[in-house]
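What follows is a set of notes on a single structure, which appears directly below.
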Amino acid sequence: MRCLLKVSIPVETGNATISDGSLGKTIESILADLKPEAAYFAADNGKRTGLIFFDLKDASQIPAVAEPWFLAFDAHVEFHPAMSLEDLKKATPGIEKAVKNYHRMAHAKAA
């Protein structure tokens, strides 16, 4: 399953790893093991944040994916299932069924 891994590095830890020269090398090493589809980096809520898309084959992989970030950076880690456009197209029948079965129920309760 495609997942979005959101990794937020505390400012103090990020500053320390930039100062000692290990931030980039450590991130490169973690990503080399993970082999993500894509990885982007930005500031989010005042923290250095990675947005990493990768294939989670089994839930048992979660510790192996998260622990390097915890151990290296004291990072906050979140996993979010993610879909491609093709996945979304395949989901259309399920969405349509939910709309048919439940959309009117929500409007009836609101009235």
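Taking every heavy atom of both residues into account, P68 and P63 meet most closely at CD-O, 4.2 Å. P10 approaches A75 most closely through the heavy-atom pair CD-CA, 4.1 Å. Nearest heavy atoms, G14 versus I9: N-CG2, 3.7 Å.
Cluster membership check: V11 does not share its hydrophobic cluster with I18, using side-chain heavy-atom separations under 4.5 Å among Ile, Leu, Val, Met, Phe, Trp and Tyr. Under the 4.5 Å side-chain heavy-atom criterion for Ile, Leu, Val, Met, Phe, Trp and Tyr, L56 and F70 are members of the same hydrophobic cluster. Hydrophobic clustering, with ILVMFWY side chains joined whenever heavy atoms are under 4.5 angstrom apart, groups F79 together with I27. Both F73 and F41 are part of a single hydrophobic cluster, where members link through side-chain heavy atoms under 4.5 Å apart.
Between atom CE of residue M83 and atom CG of residue L4 there is a gap of 13.0 Å, rounded to the nearest 0.5 Å. In this structure, D74 CG and S8 OG are separated by 13.0 Å, a value rounded to the nearest 0.5 Å. One finds the CD1 atom of I30 at 11.0 Å from the CD atom of E67 (value rounded to the nearest 0.5 Å). Atoms CG and CZ, on D55 and R2 in that order, are 7.5 Å from each other to the nearest 0.5 Å. Note: L23 CG to E28 CD = 10.0 Å, rounded to the nearest 0.5 Å. The structure places NZ of K47 at 8.5 Å from CD of E12, a figure rounded to the nearest 0.5 Å.
Side chains of R48 and N15 form a contact here, defined as non-hydrogen atoms less than 4.5 Å apart. Considering only heavy atoms from C-beta on, L5 comes within 4.5 Å of W69 through its side chain. Residues K6 and T49 form a side-chain contact, since some pair of their non-hydrogen atoms from C-beta on lies under 4.5 Å apart. A heavy-atom distance below 4.5 Å is not found between the side chains of V65 and V77.
Counting non-hydrogen atoms of other residues, nucleotides and ligands closer than 6.0 Å to CG of D58 gives a total above 12.
A donor-acceptor pair under 3.5 Å is absent between the side-chain atoms of S22 and the main chain of D20, judged by distance alone.
In summary, K89 and E86 engage in a salt bridge, as defined by a charged side-chain N under 4.0 Å from a carboxylate O.
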Exercise for the section: Test side chain to side chain contact (heavy atoms under 4.5 Å, CB included) on L34 and I52 and set out the steps. Expected result: CA-CA 10 Å; L34 186 56; I52 303 158; 3.9 Å; yes

